[in-house]
Each structure stands twice: as structure tokens, then as C-alpha cells.
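Reading through the C-alpha cells given below for one structure.
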Amino acid sequence: LGQASIVIMFLHQFVLIHAKVYWGERHELVRFALAVALTMLAYYILQKFTWGRALFLGSEQDYRKVELKVRGLILKTPA
């Protein structure tokens, strides 16, 4: 789990709470499995894109790439 654990810890409560609102107190195992599956999916999606790694996973190398791209866009905009 390693790096995925921060995404899982951050998102699992959100998923559990919304699943509890939808299904109520029943299906506890389904809610747990859904929370793990959706948070792992979120991790894999964030990991796939440079901006996701830079902004949400703390990749300094990818942050530099995003920063340069944003600076380039800001400098190109007409005043």
C-alpha cells in the first residue's frame, strides 16, 4: 500500500459516510470493500497523471514540471 495509504486514509471516511447515507447501517462489509476499492482507484488515477502526482502525491519532480508549464502559460497570455 505504501504511497497509496495517504490517499486511502484521506478518502475512505468520505466514501464510508456517503455509502452509509445511501445504504444505512446494513451491508457493512460492502461499504468497507467499496471504500477500499474506490480509494485505490482514486490513487491509481492520481498516479497516472503528472498533475495528480505533483499536487496530491507529493512528487517534487512532477511538481516542477507542472510549475514550469503553468509559468509558461502565464507568460504567454496577452496583457
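All values reported here derive from a predicted model rather than from experimental measurement.
Between atom CD of residue Gln61 and atom OG1 of residue Thr50 there is a gap of 9.5 Å, rounded to the nearest 0.5 Å. Between Leu34 atom CG and Thr39 atom OG1 the span is 9.0 Å, to the nearest 0.5 Å. Here the straight-line distance linking atom CD1 of Ile6 with atom CG of Leu46 works out to 12.0 Å at 0.5 Å rounding.
Contact check for Ile8 versus Met40: side-chain heavy atoms found under the 4.5 Å cut-off. The shortest side-chain heavy-atom distance between Val7 and Leu57 falls under the 4.5 Å cut-off.
Listed here is the closest heavy atom pair of Asp62 and Arg53: OD2-NE, 2.6 Å. Nearest heavy atom pair, residue Arg26 against residue Arg31, reads O-NE, 3.5 Å.
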(request) Could you walk me through whether Gln47 and Tyr43 pass the side-chain hydrogen bond (donor to acceptor under 3.5 Å, both in side chains) test, one step at a time? (result) CA-CA 6 Å; Gln47 188 181 35; Tyr43 169 72; 3.1 Å; yes
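In the hydrophobic clustering of ILVMFWY residues, with side-chain heavy atoms under 4.5 Å counting as a link, Phe56 and Ile45 come out together. Taking hydrophobic clusters as Ile, Leu, Val, Met, Phe, Trp and Tyr residues chained together by side-chain heavy-atom distances below 4.5 Å, Phe10 shares a cluster with Leu41. Hydrophobic clustering (side-chain heavy atoms under 4.5 Å, transitive across Ile, Leu, Val, Met, Phe, Trp, Tyr) groups Leu38 together with Tyr22. Following chains of ILVMFWY side-chain contacts shorter than 4.5 Å, one can reach Tyr44 starting from Met9, so the two form part of one hydrophobic cluster.
Counting heavy-atom neighbours within 6.0 Å of Leu55 CG, excluding the residue itself, gives a total above 12. At most 12 non-hydrogen atoms from other residues, nucleotides or ligands lie less than 6.0 angstrom from CD of Glu28.
By the ring-ring contact (aromatic ring centres under 6.0 Å, His included) test, His18 is found to be paired with Phe14, residues two or more places apart in sequence or in another chain being considered.
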